[in-house]
Amino acid sequence: MSLNSNTPIRTRIAPSPTGFLHLGTARTALYSWAFARHFGGKFVLRIEDTDVARSTQDSVEQILASMKWLGLDYDEGPIYQMQRLERYSAVVEQLIAEGKAYRCYCSPAELDEMREAQRARGEKTHYDRRWRPEPGKVLPAAPEGVQAVVRFKNPLEGDVTWDDVVKGPITINNREIDDLIIVRPDGVPTYNFCVVVDDWDMAISHVFRGDEHVNNTPWQINIFNALGAPLPRFGHVPVILGDDGQKLSKRRGAVSVTAYEDAGYLPEAMLNYLSRLGWSHGDEELFSREQLVSWFDGTHLSKSPAQWDPAKLEWVNSQYIKQADDERLAVLVAAQLLKRGLNVDAEALVPMCALFKDRCATTVALADWLSMYFAPVQPSAEDLAAHVTETVKPALQALAAKFAEIDWNKVAIAAAIKETVAAHGLKMPLLAMPVRALVCGRVQTPSVDAVLALFPKEIVIERLRNS
């Protein structure tokens, strides 16, 4: 049974709260969200928490925080699988009653012995269906002391075929598919079963997910069919590769979404960058959230793995930093400075952000620059030796004296520097470089008069006189 063209668009993201929301899941969430928004549909957040031993509330909160930061608002949820156990149990009993699932009493030792024998014969390891009911087959009595699992009675013949939104037609023969365990010995249902019941109950029309789930899809399609439920359209997006050419994952050093927030990235930049990891719209590199929604119709998704490029992400973020409102940047930089023990009113940072943001790729880099206004600086020994020479020291002291007498603004500061340069027979860089080194702790800055004007006059004079 397939969806028809009049089916309302409903997508979902279903992270497992066994760790942070990693970048691959964030990209899948973004695609699912953008697709639903493009077609005026609904986007659902589901928390797949049936891995009770590893699921944590901290992970749930981090997932919710990541979604909020990225601006991926959901219309329904969060819906927790562990709150739906009665529903799963009812569907399992229905399948057993209809002869589409059965209880299996194989012990772990028996399963190990079964697999070893198959390996010894050079066969593919699989469950041999010894507890599967069949016409004329006599099953033994249920053994004492063994907690049964429930297995889905997978078709033995025929093919499972679906037209993947990303990969196109895919066919897998049922002989390649085992009788899937759908309920564990502890009574908790398994992922491949829960996801089908959830997508059915929630009327999910399109499922975007990583292509590591391709092998799960035949099982799920067969369960959908056994339940008489409509099939969603599946779209399996390629993996994201790290610098080492291996898949980014929680186990391979993938960084959480919230870590990028902490590192000074803007959510719109991350959204822009993530969306281009496996999807494109012509040659567009930078685009707004609204443009993404307007363009994202499920086409132009790549079949090839995407490469995570930290330098490209940094460049994208730098473009958004340049365009960002100075007041917004000031609030973000104030938070970064507070982490360093510098409690600064964001309002004071607004003109500083305006001056320095073109030089910065992140708000952390902006905080690196602006900390010189609120904490002592320490020029490098190399800069001091190269620029604060005996020849220039008299000019520095004269400039400090002149600064003490002027109104403190950019125009007056520029005039005082020019007068001092002329009076001491220097070229402008010979005075400007040591001024930058002493006052700012570095020799490369924007225009020195603009930089100094944002300092309190007393700090500038004090740092010059310390030369």
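Hydrogens, waters and symmetry mates play no part in the numbers below; they use all other heavy atoms, side chains included. Keep in mind that this is a model prediction, so the values were computed, not measured.
No hydrogens or angles considered: a donor-acceptor pair under 3.5 Å links the side chains of Asp449 and Ser447. For the residue pair Glu268/Ser288, the side-chain donor-acceptor check at 3.5 Å is not satisfied. Judged purely by distance below 3.5 Å, without hydrogens or angles, the side chains of Thr299 and Asp297 pair a donor atom with an acceptor atom. For the residue pair Arg84 and Thr50, no side-chain donor N or O sits within less than 3.5 Å of a side-chain acceptor on the partner.
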* To do: Test salt bridge (Lys or Arg N to Asp or Glu O under 4.0 Å) on Glu48 and Arg46 and set out the steps.
  => CA-CA 6 Å; Glu48 296 189 340; Arg46 190 166 73 222; 3.4 Å; yes

* To do: Evaluate the side-chain hydrogen bond (donor to acceptor under 3.5 Å, both in side chains) criterion for residues Asp178 and Trp219: first the C-alpha distance (whole Å), next the side-chain angles of each, then the deciding distance (0.1 Å), finally the verdict.
  => CA-CA 8 Å; Asp178 221 337; Trp219 274 318; over 6 Å; no

* side-chain contact (heavy atoms from CB on, under 4.5 Å) between Val91 and Phe193, intermediate numbers included -> CA-CA 10 Å; Val91 177; Phe193 175 71; 3.7 Å; yes

* To do: Determine, stepwise, if the pair Glu290 / Ser294 fulfils side-chain hydrogen bond (donor to acceptor under 3.5 Å, both in side chains).
  => CA-CA 6 Å; Glu290 292 73 24; Ser294 173; over 6 Å; no

* **Derivation of the salt bridge (Lys or Arg N to Asp or Glu O under 4.0 Å) call for Glu76 and Arg10** => CA-CA 10 Å; Glu76 297 173 22; Arg10 291 175 57 85; 2.9 Å; yes

* To do: Would you check, one step at a time, whether the test side-chain contact (heavy atoms from CB on, under 4.5 Å) holds for Met372 with Val451?
  => CA-CA 11 Å; Met372 68 185 181; Val451 171; 3.8 Å; yes

* Apply ring-ring contact (aromatic ring centres under 6.0 Å, His included) to Trp408 and Phe403, showing your working. => CA-CA 8 Å; Trp408 198 244; Phe403 279 167; 5.2 Å; yes

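Ion pairing of Lys68 with Glu61 is absent here, as no side-chain N (NZ or NE/NH1/NH2) approaches a carboxylate O to less than 4.0 Å. In this structure, Arg37 pairs ionically with Asp73, as a charged nitrogen and a carboxylate oxygen lie closer than 4.0 Å.
Environment of CD in Gln323: crowded, with over 12 heavy atoms of neighbouring residues, nucleotides or ligands closer than 6.0 Å. By the 6.0 Å contact criterion, CD on Gln57 is enclosed, its count of non-hydrogen atoms from other residues, nucleotides or ligands being greater than 12. When the shell of 6.0 Å around NZ of Lys418 is examined, it contains 12 or fewer heavy atoms from other residues, nucleotides or ligands. Applying the 6.0 Å contact sphere to NZ of Lys410 captures no more than 12 heavy atoms from other residues, nucleotides or ligands. Heavy-atom neighbours of Lys339 NZ from other residues, nucleotides or ligands within 6.0 Å: above the threshold of 12. Counting heavy atoms of neighbouring residues, nucleotides and ligands inside a 6.0 Å radius, atom NZ of Lys357 exceeds 12 of them. Atom CG of Asp407 is surrounded by 12 or fewer heavy atoms from other residues, nucleotides or ligands within 6.0 Å.
If you take OG1 on Thr28 and NE2 on His22, they are separated by 8.0 Å, rounding to the nearest 0.5 Å. Atom CG of Asn272 is separated from atom CG of Leu292 by 8.0 Å, given to the nearest 0.5 angstrom. Between Leu454 atom CG and Ile413 atom CD1 the span is 8.5 Å, to the nearest 0.5 Å. A distance of 9.5 Å separates CG of Asp201 from CG of Asp199, quoted to the nearest 0.5 Å. The structure places NE2 of His236 at 3.0 Å from OG1 of Thr217, a figure rounded to the nearest 0.5 Å. Leu21 CG to Ser66 OG: the interatomic distance, rounded to the nearest 0.5 Å, is 5.0 Å.
Nearest heavy atom pair, residue Ser32 against residue Thr11, reads O-OG1, 2.8 Å. Nearest heavy-atom pair across Cys360 and Trp369 is SG-CD1, 3.4 Å. For the residue pair Arg442 and Asp368, the shortest heavy atom distance occurs at NH2-O, 3.7 Å. Here the closest non-hydrogen pair linking Pro351 and Ala348 is CD-O, 3.7 Å. Smallest separation of non-hydrogen atoms from Ile240 and Gly24: CD1-CA, 4.0 Å. Heavy-atom minimum distance, Thr190 versus Arg184: CG2-CG, 3.8 Å.
Inter-residue side-chain proximity for Pro310 and Leu313 is flagged as unmet; no heavy-atom pair is nearer than 4.5 Å. In this structure, Val188 and Tyr88 have side chains that are not in contact, with every pair of non-hydrogen atoms separated by 4.5 Å or more.
Aromatic pair Tyr320/Trp315: ring centres not closer than 6.0 Å. A distance of 6.0 Å or more separates the ring centres of Tyr260 and Trp69.
Aromatic ring pairs are classed by plane angle as parallel below 30°, tilted from 30° to 60° and perpendicular above 60°; the pair His281 and Trp295 is parallel. Note on ring orientation: taking the six-membered ring where Trp is involved, the planes of Phe296 and Tyr31 are parallel (angle under 30°, cut-offs 30° and 60°).
Among Trp279, Phe234, Phe35, the single residue meeting the ring pair (Phe, Tyr, Trp, His ring centres under 6.0 Å) criterion with Phe208 is Phe35.
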